[in-house]
Structures are given as structure tokens and as C-alpha cells.
K.L.:
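Take a look at this one; I'll ask things after.
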Protein chains: 2
Amino acid sequence: MPTIRDVAKACNVSTATVSYVINGKNTLLPETRERVLRKIREMNYHPSAVARGLSNKRMNTFGILFDNVGSEIAIWHPYTSGILQGVVAASAEVGCNVTIFTELWRNAEISLPKLRDQRTDGIIIVAPPSDTDILPSLLSAGSKVVTISSESVSFGMPSVDVDNAFGIKLAVRHLREMGHREIAFIGGQINMFSGAMRLSAFQAALDSWSLSLLPEHLVLSSYEDSSASYSDAKRLLSLPNPPAAVVAGNDQIAFSVLAAARDLGIAIPAQLSVIGFDDIADAATTQHALTTIKQPLREIGAAATRLLAQVISGDCPPAECLLVEPTLVVRATTGSPR
Amino acid sequence: MPTIRDVAKACNVSTATVSYVINGKNTLLPETRERVLRKIREMNYHPSAVARGLSNKRMNTFGILFDNVGSEIAIWHPYTSGILQGVVAASAEVGCNVTIFTELWRNAEISLPKLRDQRTDGIIIVAPPSDTDILPSLLSAGSKVVTISSESVSFGMPSVDVDNAFGIKLAVRHLREMGHREIAFIGGQINMFSGAMRLSAFQAALDSWSLSLLPEHLVLSSYEDSSASYSDAKRLLSLPNPPAAVVAGNDQIAFSVLAAARDLGIAIPAQLSVIGFDDIADAATTQHALTTIKQPLREIGAAATRLLAQVISGDCPPAECLLVEPTLVVRATTGSPR
DNA sequence: TAGTATCACTTAACCGGATAATCGCAGTCA
DNA sequence: TGACTGCGATTATCCGGTTAAGTGATACTA
């Protein structure tokens, strides 16, 4: 591996000259530039990004942090995967790479050094749980951070998220317009902001339509744990007064509801309407094509990336949450009640 | 951001001492060590990975390179996603991060510098096409490279891949054992090694069972382009003598075959058996649960990562392809012919 | 003709750490 | 007392680049 000094020696110039050639300083004699460029190619020289990063404090790399890499849910999860795709695509546009970080939220001791060691120019944090202490630590340390979560506004960091309230409103309106009056909700973890948000949005939406809610029609389940949501759904559908319409906290939960309905012999959508949230890739192709609220994951990832680029370049960051509007995708799991 | 010099000054010691404290040199007075550690915590100091990387030439970061980030197929593709998950998990085990690289294969001019600038300690290249010139370039430059592709053996670089031949053999045997004698094949791009490999394995498998193949029952289609494979499948199934069993080059193609069969009113599996390759996540949950050859993607990614770690650490790399055995997963798309 | 720009490049300091070599200072031993 | 050892810390150099400041030569100016 030749260094810049090797190239300089071979050209009989100083390393500064080589550096200027590489970085396009235009006060050089064209002939010199050519000579150096030729040597560079000839020697197969490539400047070290690390050394370069050390001096100009730019690695042209963004970090992205998920929870729980160990488990199945992190990268494989369609939500994460969609976001990641948007982040990578938008990063490529500005010539940056993306590094994946994977510590657990709770391990601030382990995670923080990695996140703060300048290996990346900034970090996108995906859906941090409410109770992590990483966010304030990073912020106080001056790290460039953007989150994908509406909650982070409280820390004064820029963020992007889907407009959960709007999405839930779309869902409820859709069911209402199909004639439903008794709508149940089976949501994800309440300690995740989206969990809390979608729940409260659901109640607000019911209120705005003057619909009432039976307490037993409100279930808090899990976004990822399919077996948990399956049994929760089964319990809900086995009630003496089962709902005829269910808004699920996300598609995965919706799938569990559908599975429970199938196993209980409940016809979809004749006896039960189900609507999800996210529109993960499976949603269109599974047995019952799922009606859902489509979350534009790639756009969200891309928006977060652009926001991060702004923060890094010093443009005063808007410390508010950029809300991206979801859309209603009507497929085969919703219909009018009998 | 405090530097090591700031810490040293605050402790009235030299930077060397601080460095030794950080890196656990044991010839230090316990009292000194404590004092420095306390200051480090107090000042919220984190050593720069970049500076560190510059001196000890280790970034604790692996790179992973896919084709075509711009298009839908790269990260989102279940194959890539599965590999990535394995790579990230195995990297985390050895304390490394993963950086995603995304240039196109053809742009060696642009890609090479990024891949060779020491930002990563080594690179995992996923399914390079046969005609890229990046591999030999990297190799001749002394980069640490591992590929996921059986083809790369020709360049003398270590690699990992699924045992394509074995998988195809499993598929054909399964169909044969169900009583099929006329088996068609609709494969992916022939310029991808797996495309060529699965094709020749298919022919070999037929031979070993002394089965013959109608020329029109051999179709070369596309791994990713669903509309192309859909029309190719439709053409195949519309032949005067349509096959009663099809081995598809991958699951995506198999889905296209299923879609074409549905649109042509062909019953699955009564009139047509379909078997895929990969076992992507969708395979189990789509309308007809797909019988397929399951590729252990995460294990492959993890194996590649471990191989790369070996190469980096200097353990003489086995310049041969590590084959991981796939398994047959029987679901609902195969059955005996009428 | 001396003074001043301009040009084309070099010098030298710096980025933030790692580490081999060195050094001062007990304590040991002959 | 002088030589030798070990310990604990320091000094100095290096990693591979970037870049502000400086330099020597030529060209221009008054």
C-alpha cells in the first residue's frame, strides 16, 4: 500500500503537492498535476480515509442504530429494513456510507463509546424506547443525532416519524365509513412512543366520531412477539361480545388477529374487519391481502438522512419532528359489518 | 470533545500514560490508573476510533458490498437482508461494526477507492456477477476480501456459498419421489454464477434419475424482475405440452410461476407442482405456502464474517469455497401428478 | 532599478492516539 | 561505594494525510 509520501517521492514533489492534486487545488502547473496523477494511477495509490478523517474530521459515514441486533427483529424486521434502505439510498446520494450499530439501548456503558468515537459523522437512531438514557448522553456530548421517532422532540433533537395520529384517524374513518360502530384496538408496547401515540390517537378518533369503546376491546400486546399477539387476539375474539372491527397497532399484530380469526372460524371480512399499520412487504401478498395504513418507510429513512446531513453541515437544525403522512391502503380484510 | 492530551494535562501525566491506562498496560501504579480513569469518566472522554485506527491499522469494522443499491432489490431483497443479518450478528460477536457499501459493480473507478481506503478491515462481497473486475483488483491490491459466491474460488479468494448442486438435487429428488417424470426448470440469469450452477445441477440431477428434458421446458428468466419471470412462466405453462412440475431458480421466480398458474386457472399442486430455492421469509406465508430449498442465509453471512476475521488476523485463508448445505422444506405447492 | 505581485511549490505544524526507547529513582548486591 | 535491576513514568517518533504560512523565482509596476 503506497502512501502519499511514496507518491511524492516518486514524483519529486512534496506531499503537499500530491495532496493538492488529489483535492483539486488549482494553482498547480497542469503539467505537474498530470505527472502526479499519472504516478498515482501507476502506483495504484488510494488515500486513506482514516488519515483523511483524522485531519479534516469528516468520515463521510453515517451511523444507524437499532435495538436488539441479537434477536430476529432488528435488521430482518421489515420496518427496520425499509428504513435502512431509505437511509442507505439517501446517504449514497451525498457520497456517504452507512455503518450499522447494534448495541442494546440499556448498555450505555458499551454503546456510547462506539457511538461517540468519531467513526461516523452523525447517527440516525431508529425508534428508541422511551426509557433509554442514550439520547440525552449523546446530545450533551455534542454528537450529531437525528432520531426516527416523534418522541425525541422532548430532547430537542431533530426527528422524523410517520404521523401516527393521522394514520390511526384514517383507519378509524375507513371503518366508520364502512358502517362499523364498535371498533376494537390491539396495540403494541405502551412504553414505545408509537405504542402510546397510536393508542391515544385511537381514542381521540373514536371520540371525534362519538363512538364508544368497551374496555375489553382495548388490548395492549406486542409489536414483535407474534405468539403473544396471537393469544391476545384469540382472547379478544373469543369474548362473549367480540368486536366486528379491529384496528391493529401494526401489521404483524394484524396478521396475528387474522390467524386467530382463521383458527376460530371467523370469516374475513364478512364477520371481522382488520386493519393494520405499516404496510410491510408481506401485507399485500399474504392469504388475506391486508388493509393497512401504509408507512412510507424509505421516505422516512431518506428524510432522516437529509436532516442529519443538515445537522452535520451546521445548518441550524429544526428541533422538531418532521411528520410524514401515511396513506390508507384498502385491500381485502375490511368490509361492512353484517 | 476532550482529547487524550486534555486528559493527560488534567492528570499531570503524559499522554502515553493515559494511553496505557486505556489499553490496559499493567506496569502502572494502581493509584495512577485509578486517578486517570476517574478523570476520563469525569471529562467524558472517549478515544477517537479514527486516530486509533490510523496508528494501529484496525478499525474494527467490516464492509459489505451489494450490487445495485439504487434499485429495490439490494437491501430490501430478502436474500441480501438475510445475509446482512448474519454478517451483523457475527460481527457484533467479535466487536466489529458493519459498513454498507453500495456502488455498482461496473463503476470500479468509483468503487475501488472507497473499498480500499482502509475505512474497513476487510470486505464481504455478496454475489458478485461473473463479469465484474472489482474482485481481481481488490485482490491484487492486498485487500482482505471474502465473497459469498462459489465462483470466486477462481480468484483464489475464500468464499462461502450454499451448495447449489445439492439443493437442486434435493428438489429434483423430491419431485421424482412424488412421481414426477417431466420436470421443467425456470432459472435466473445465466451470467450469475448461481444461475449457471443451478441450471447445470438441474441437468445433472435429471441425468442421475435418467429423466429427459424437453428443450422448451428449460427457461432462463430473471431472479429479480418479477414481471419478466411472470411472463416467462406464463409462456411455459401455456405450452401445448405444459410441465406438471417446475423447479424455479429462486423463490421469487416460483412466486411468479404460482401467479401465472393462478391466472391460467391451473390448480396447485393438483395440476402443477412448484418448488423454489432460498426460502425467503414470504415463502411460508403466501397464499400457497411454497415448497422450497431453504438456504441458511444467516449462517452463510455469519460464516463469511468468521472467514473474513480469519483472513484479517492473518490465519492462512483457505482459498476454497465453504459450502453450506440447504434443506428441503416441503409445504403446499408440491404433490403427486394426477 | 528597486519594489511589488503573482505563481508554483515546499516547509512545518497539526489531527489524536500508540508504542518503542529512554530515563530517573529506589533497592540489591558484591 | 559503584554497578546492576526493576519499576513507573516520560520522551520522541510514527501512523497518513491536510493546510496555513513561507519561499524563491519570475513578471510586472512606477
Side-chain angles (χ1 to χ4, degrees), chain A residues 1-37 39-40 43-61 113-121 141-143, chain B residues 1-37 39-40 43-61 113-121 141-143:
Chain A
M1 281 268 174
T3 71
I4 198 172
R5 294 173 224 266
D6 299 327
V7 176
K9 205 162 297 172
C11 297
N12 279 319
V13 296
S14 68
T15 63
T17 300
V18 178
S19 177
Y20 288 141
V21 166
I22 294 170
N23 297 294
K25 175 139 175 172
N26 53 6
T27 67
L28 297 173
L29 224 47
E31 184 265 325
T32 310
R33 175 192 308 288
E34 281 314 312
R35 188 159 48 95
V36 172
L37 281 176
K39 257 311 184 219
I40 284 180
M43 301 177 72
N44 205 358
Y45 164 76
H46 296 270
S48 150
V50 182
R52 205 169 225 183
L54 184 57
S55 44
N56 56 18
K57 292 165 176 305
R58 281 298 227 89
M59 285 299 280
N60 292 320
T61 300
K114 283 194 152 192
L115 295 176
R116 298 199 35 206
D117 67 8
Q118 341 248 315
R119 176 194 310 270
T120 59
D121 302 326
S143 299
Chain B
M1 282 266 176
T3 71
I4 198 172
R5 296 174 222 267
D6 299 328
V7 176
K9 204 161 298 171
C11 296
N12 278 321
V13 295
S14 67
T15 63
T17 300
V18 178
S19 178
Y20 288 139
V21 167
I22 294 169
N23 297 292
K25 175 142 176 170
N26 53 5
T27 67
L28 297 174
L29 224 49
E31 184 265 324
T32 309
R33 173 192 312 287
E34 281 314 314
R35 188 158 47 94
V36 173
L37 281 176
K39 257 308 185 223
I40 283 179
M43 300 179 72
N44 206 359
Y45 164 76
H46 298 271
S48 151
V50 182
R52 204 168 226 182
L54 183 58
S55 41
N56 56 17
K57 292 162 174 306
R58 281 296 227 90
M59 286 298 283
N60 292 321
T61 300
K114 282 192 151 193
L115 295 177
R116 297 198 37 206
D117 66 8
Q118 341 249 315
R119 177 194 308 270
T120 59
D121 302 326
S143 298

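Labels below follow one simple rule: chain letters A, B, ... track the order of the sequence lines, proteins then strands, and each chain is numbered from 1.
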K.L.:
Both S55(B) and R33(B) contact DNA chain D. Which one's nearest nucleotide lies toward the 5' end?
P.N.:
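Per heavy-atom nearest nucleotide, the more 5' residue is R33(B).
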K.L.:
I'd like to check the side chain to side chain donor-acceptor pair (under 3.5 Å) partners of D117(A); sequence neighbours left out, ordered by chain and number.
P.N.:
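D117(A) satisfies side chain to side chain donor-acceptor pair (under 3.5 Å) with R119(A) only.
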K.L.:
Output all residues satisfying salt bridge (charged side-chain N to carboxylate O under 4.0 Å, His left out) with R116(A), sequence neighbours left out; order by chain, then residue number.
P.N.:
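Expected list: none.
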K.L.:
Does a side-chain heavy-atom distance below 4.5 Å link I40(A) with H46(A)?
P.N.:
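No. Closest side-chain heavy atoms not under 4.5 Å.
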K.L.:
Using a heavy-atom cut-off of under 4.0 Å over every strand shown, decide if K25(B) touches base, sugar-phosphate, or nothing.
P.N.:
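No contact.
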K.L.:
Answer yes or no: is there a donor N or O on one side and an acceptor on the other, between the side chain of D121(A) and the main chain of R58(A), under 3.5 Å?
P.N.:
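Side chain of D121(A) to backbone of R58(A): no pair is present.
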K.L.:
Does anything in residues 11-24 of chain A come within less than 4.0 Å of DNA chain D? Heavy atoms only, and list the residues if so.
P.N.:
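A16(A), S19(A), Y20(A), N23(A) - these, ordered by number, are the residues of the stretch whose heavy atoms sit under 4.0 Å from the strand.
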K.L.:
Look up atom CD in Q118(A) and atom CE in M59(A), then write down how far apart they are to the nearest 0.5 Å.
P.N.:
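Here the interatomic distance stands at 10.0 Å.
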K.L.:
Run the side-chain donor-acceptor check on residues 23-31 of chain A: report pairs under 3.5 Å with partners two or more places apart or on a different chain.
P.N.:
residue	atom	partner	partner atom	Å
N23(A)	OD1	R52(A)	NH2	3.4
N23(A)	ND2	S19(A)	O	2.8
N23(A)	ND2	S19(A)	OG	3.3

K.L.:
For nucleotides 4-8 of chain C, give me every protein contact, N/O to N/O, under 3.5 Å, one pair per line with atom names.
P.N.:
none

K.L.:
Which residues pass the side chain to side chain contact (heavy atoms under 4.5 Å, CB included) test with T3(A), not counting sequence neighbours?
P.N.:
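Side chain to side chain contact (heavy atoms under 4.5 Å, CB included) check on T3(A) returns R5(A), D6(A).
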K.L.:
Roughly how far, to the nearest 0.5 Å, is the OH atom of Y45(B) from the CE atom of M1(B)?
P.N.:
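Going from CE on M1(B) over to OH on Y45(B), the span is 11.0 Å.
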K.L.:
Just how far, in rounded Å, is C1' of dA18(C) from CG of L54(A)?
P.N.:
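One finds 13 Å between C1' of dA18(C) and CG of L54(A), rounded.
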K.L.:
Starting at CZ of R33(A), measure out to SG of C11(A) and round the result to the nearest 0.5 Å.
P.N.:
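Here the interatomic distance stands at 13.0 Å.
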K.L.:
In Å, rounded to the nearest 0.5 Å, how long is the span from CD1 of I22(A) to CG of L37(A)?
P.N.:
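Between I22(A) CD1 and L37(A) CG, I get 9.0 Å after rounding to 0.5 Å.
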K.L.:
What is the distance, rounded to the nearest whole Å, between atom CD1 of I4(A) and atom C1' of dT10(C)?
P.N.:
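About 13 Å, once rounded to whole Å.
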K.L.:
Taking heavy atoms of chain A and a 4.0 Å limit, find me the 5'-most and 3'-most nucleotide of DNA chain D within that range.
P.N.:
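For DNA chain D, the relevant span reads dG16(D) to dA20(D).
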K.L.:
If we only count heavy atoms from C-beta on, is the Y20(A) to T15(A) side-chain gap below 4.5 Å?
P.N.:
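SC-SC contact between Y20(A) and T15(A) ruled out.
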K.L.:
E31(A) CD to dC9(C) C1': how many Å, rounded?
P.N.:
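The answer, rounded to whole Å, is 13 Å.
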K.L.:
Please determine if a side-chain N or O atom of R5(B) lies less than 4.0 Å away from the OP1 or OP2 oxygen of dG17(C).
P.N.:
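No, outside the criterion.
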K.L.:
Please give the angle, rounded to 10 degrees, between the axes at the start and the end of the helix from dT1(C)-dA30(D) to dA30(C)-dT1(D), where five pairs define each axis.
P.N.:
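For the helix from dT1(C)-dA30(D) to dA30(C)-dT1(D), the axes at either end differ by 70°.
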K.L.:
Tell me every residue that passes side chain to side chain contact (heavy atoms under 4.5 Å, CB included) with S14(B), counting only those two or more places apart in sequence or in another chain.
P.N.:
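Expected list: A16(B), T17(B).
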K.L.:
Keeping S143(B) on the side-chain end and A141(B) on the backbone end, is there a donor-acceptor pair under 3.5 Å?
P.N.:
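No.
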